[in-house]
K.L.:
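The structure is given below, and queries will be raised subsequently.
Counting begins at 1 with the first residue of the sequence. Everything numeric here is computed off the predicted structure, so don't read it as measured data.
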Amino acid sequence: MRSEFIFTSESVSEGHPDKVSDQISDAIVDLFLAKDPEARVACETLTTTNRVVLAGEVRGKGMIDTDGNWAPGAQEEIQTAVRETVKNIGYEQDGFHWQNLTFENHLHPQSAHIAQGVDESGNKDEGAGDQGIMFGYASDETPELMPATLQYSHQILKQMATDRHSGKAPFLEPDSKSQVTLRYVNEVPVEAVALVVSTQHAPGYFKDSDNPALYEELRDYVMGV
């Protein structure tokens with residue numbers, strides 16, 4: 001292994017399209033599990049301009065039966081969960097608004113072949129079906145046991161989100177991204193090489209891209225990590 005190297009990690013905010021989709025899918029999983037602890041949910045979410053689309057295979061008592069019949073009010077509950085998630089993130093823009101977005105639900109019953117594999121008895125681990133599993137490892141670079149580059153990227157966006165929700169930073173809008181590059185010597189981070197913060201901001205808040213106020217506002221988040 002090299003004694004010296006540069007390493008970069010990137011983090012995206014709760015308002016980034018990928019994260020929005022993740023949070024919506026998580027909300028659907030929570031909704032199903034609240035009705036049926038043995039529910040199976042493989043929900044994929046697509047978000048684009050003022051539109052949210054759900055697709056995937058699901059099963060769960062009180063939500064949908066094996067014939068694809070939805071329980072009374074179940075689809076309305078799903079739509080409410082989607083809109084509440086987008087609302088809590090803070091999207092009330094012309095291009096993406098929790099109240100005005102078009103919603104499509106294409107969830108359907110879990111395939112019998114996948115269900116058969118999940119429902120088999122015996123002493124074995126079980127999952128939702130054909131969903132993947134991610135794994136990683138701990139690092140002693142930070143108290144959170146995360147790599148320093150990733151943890152610092154997360155912290156920058158966490159503070160920005162806190163100030164956006166509280167109203168302390170009215171110019172911030174939901175979609176943002178941070179990137180931290182550190183130099184390592186003998187596997188220990190010793191220097192910040194590059195720090196990048198990109199964010200949506202309120203229309204008209206900054207009149208030109210070279211406005212030093214924008215730089216100073218975002219620099220404070222980086223320096224506070």
K.L.:
Does any non-hydrogen side-chain atom of V82 lie less than 4.5 Å from one of N105?
P.N.:
no

K.L.:
Got Q200 and Q93 here, is their nearest side-chain heavy-atom distance under 4.5 Å?
P.N.:
yes

K.L.:
Tell me whether Y152 is reachable from V193 by hopping between hydrophobic residues (I, L, V, M, F, W, Y) whose side-chain heavy atoms are closer than 4.5 Å.
P.N.:
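Result: no, two separate clusters.
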
K.L.:
Indicate yes or no: at least one non-hydrogen side-chain atom of E173 is less than 4.5 angstrom from one of T199.
P.N.:
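No, every pair of side-chain atoms sits at 4.5 Å or beyond.
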
K.L.:
Using the rule given for side chain to side chain contact (heavy atoms under 4.5 Å, CB included), can you reason through E57 versus H108, listing the C-alpha separation, both sets of side-chain angles and the distance that settles it, and then say yes or no?
P.N.:
CA-CA 5 Å; E57 297 189 335; H108 60 85; 3.2 Å; yes

K.L.:
Evaluate the side chain to side chain contact (heavy atoms under 4.5 Å, CB included) criterion for residues V58 and M63: first the C-alpha distance (whole Å), next the side-chain angles of each, then the deciding distance (0.1 Å), finally the verdict.
P.N.:
CA-CA 9 Å; V58 296; M63 292 298 291; over 6 Å; no

K.L.:
If you round to the nearest 0.5 Å, how far is CD1 of I24 from CD of E84?
P.N.:
12.0 Å

K.L.:
Minimum heavy-atom separation for E141 to E187, with atom names?
P.N.:
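Closest heavy-atom pair between E141 and E187: OE2-O, 4.4 Å.
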
K.L.:
Could you tell me if the side chain of R83 sits less than 4.5 Å from the side chain of L101, heavy atoms only?
P.N.:
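A side-chain contact exists here, since the closest heavy-atom pair is under 4.5 Å.
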
K.L.:
Any chance you could measure D22, atom CG, to H16, atom NE2, to the nearest 0.5 Å?
P.N.:
10.5 Å

K.L.:
Just by distance, with hydrogens left out, do S21 and T45 show a side-chain donor and acceptor under 3.5 Å apart?
P.N.:
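Absent: no donor and acceptor within the cut-off.
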
K.L.:
Of all the heavy-atom pairs spanning A39 and L33, show the shortest one and how long it is.
P.N.:
O-CD2, 4.1 Å

K.L.:
Between N50 (side chain only) and T102 (backbone N and O only), is there a donor and an acceptor less than 3.5 Å apart?
P.N.:
no

K.L.:
Looking at every non-hydrogen atom in both residues, tell me the closest pair between A202 and P170 and how far apart they are.
P.N.:
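Closest pair (atom of A202, atom of P170, distance): CB-O, 4.2 Å.
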
K.L.:
Does a donor on one side chain and an acceptor on the other come within less than 3.5 Å for S11 and S153?
P.N.:
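No - no donor-acceptor pair under 3.5 Å links their side chains.
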
K.L.:
How long is the gap from CD on Q79 to CD on E77, to the nearest 0.5 Å?
P.N.:
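Q79 CD to E77 CD: 12.0 Å, rounded to 0.5 Å.
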
K.L.:
To check you understand the geometry: which heavy-atom pair defines the closest contact between G15 and I89, and what is its length?
P.N.:
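Scanning both residues, the minimum pair turns out to be CA-CG2, 3.8 Å.
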
K.L.:
Distance from F96 atom CZ to T49 atom OG1, nearest 0.5 Å?
P.N.:
9.0 Å

K.L.:
Which distance, rounded to the nearest 0.5 Å, do you find between the CZ of R183 and the CD of E191?
P.N.:
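Output value for this atom pair is 4.5 Å.
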
K.L.:
Hydrophobic cluster membership, with links at side-chain heavy-atom distances under 4.5 Å among I/L/V/M/F/W/Y: are F103 and V41 in one?
P.N.:
yes

K.L.:
Which atom pair, heavy atoms only, marks the closest approach of L150 to E10?
P.N.:
CD1-O, 3.8 Å

K.L.:
Out of curiosity, does I156 fall in the hydrophobic cluster containing F7 (side-chain heavy atoms, cut-off under 4.5 Å, transitive links)?
P.N.:
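Linked, F7 and I156 end up in one cluster.
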
K.L.:
Check whether any side-chain heavy atom of L107 sits under 4.5 Å from a side-chain heavy atom of I28, and report yes or no.
P.N.:
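Of all side-chain heavy-atom pairs linking I28 with L107, at least one is under 4.5 Å.
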
K.L.:
On the 0 to 90° scale, with breaks at 30° and 60°, tag the F32-W70 ring pair as parallel, tilted or perpendicular.
P.N.:
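Aromatic pair F32/W70 classed perpendicular.
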
K.L.:
With a 4.5 Å heavy-atom cut-off, do P109 and D67 have their side chains touching?
P.N.:
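Side-chain contact under 4.5 Å: no.
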
K.L.:
Will you find, in the side chains of Q151 and Q155, an N or O donor that is under 3.5 Å from an N or O acceptor?
P.N.:
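Note: Q151 and Q155 side chains meet the donor-acceptor criterion.
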
K.L.:
Hey, does the side chain of D36 reach the backbone of G60 with a donor-acceptor pair shorter than 3.5 angstrom?
P.N.:
no

K.L.:
For the hydrophobic clusters of this structure (ILVMFWY residues joined by side-chain heavy atoms under 4.5 Å, transitively), does one cluster hold both L182 and M146?
P.N.:
no

K.L.:
Consider side chain to side chain contact (heavy atoms under 4.5 Å, CB included). Of T8, V12, L195, which one does Q179 pass it with?
P.N.:
T8

K.L.:
Check whether more than 12 heavy atoms from other residues, nucleotides or ligands sit under 6.0 Å from atom CG of D94, and answer yes or no.
P.N.:
no

K.L.:
What heavy-atom pair brings S13 and S176 nearest, and what distance separates the two atoms?
P.N.:
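Residues S13 and S176, closest heavy atoms: OG-N, 2.8 Å.
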
K.L.:
Using side-chain heavy atoms (C-beta onward) and a distance below 4.5 Å, is W98 in contact with N88?
P.N.:
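No; the side chains remain at least 4.5 Å from each other.
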
K.L.:
Measure the CG-OG1 distance between L54 and T47 for me, rounded to the nearest 0.5 Å.
P.N.:
10.5 Å

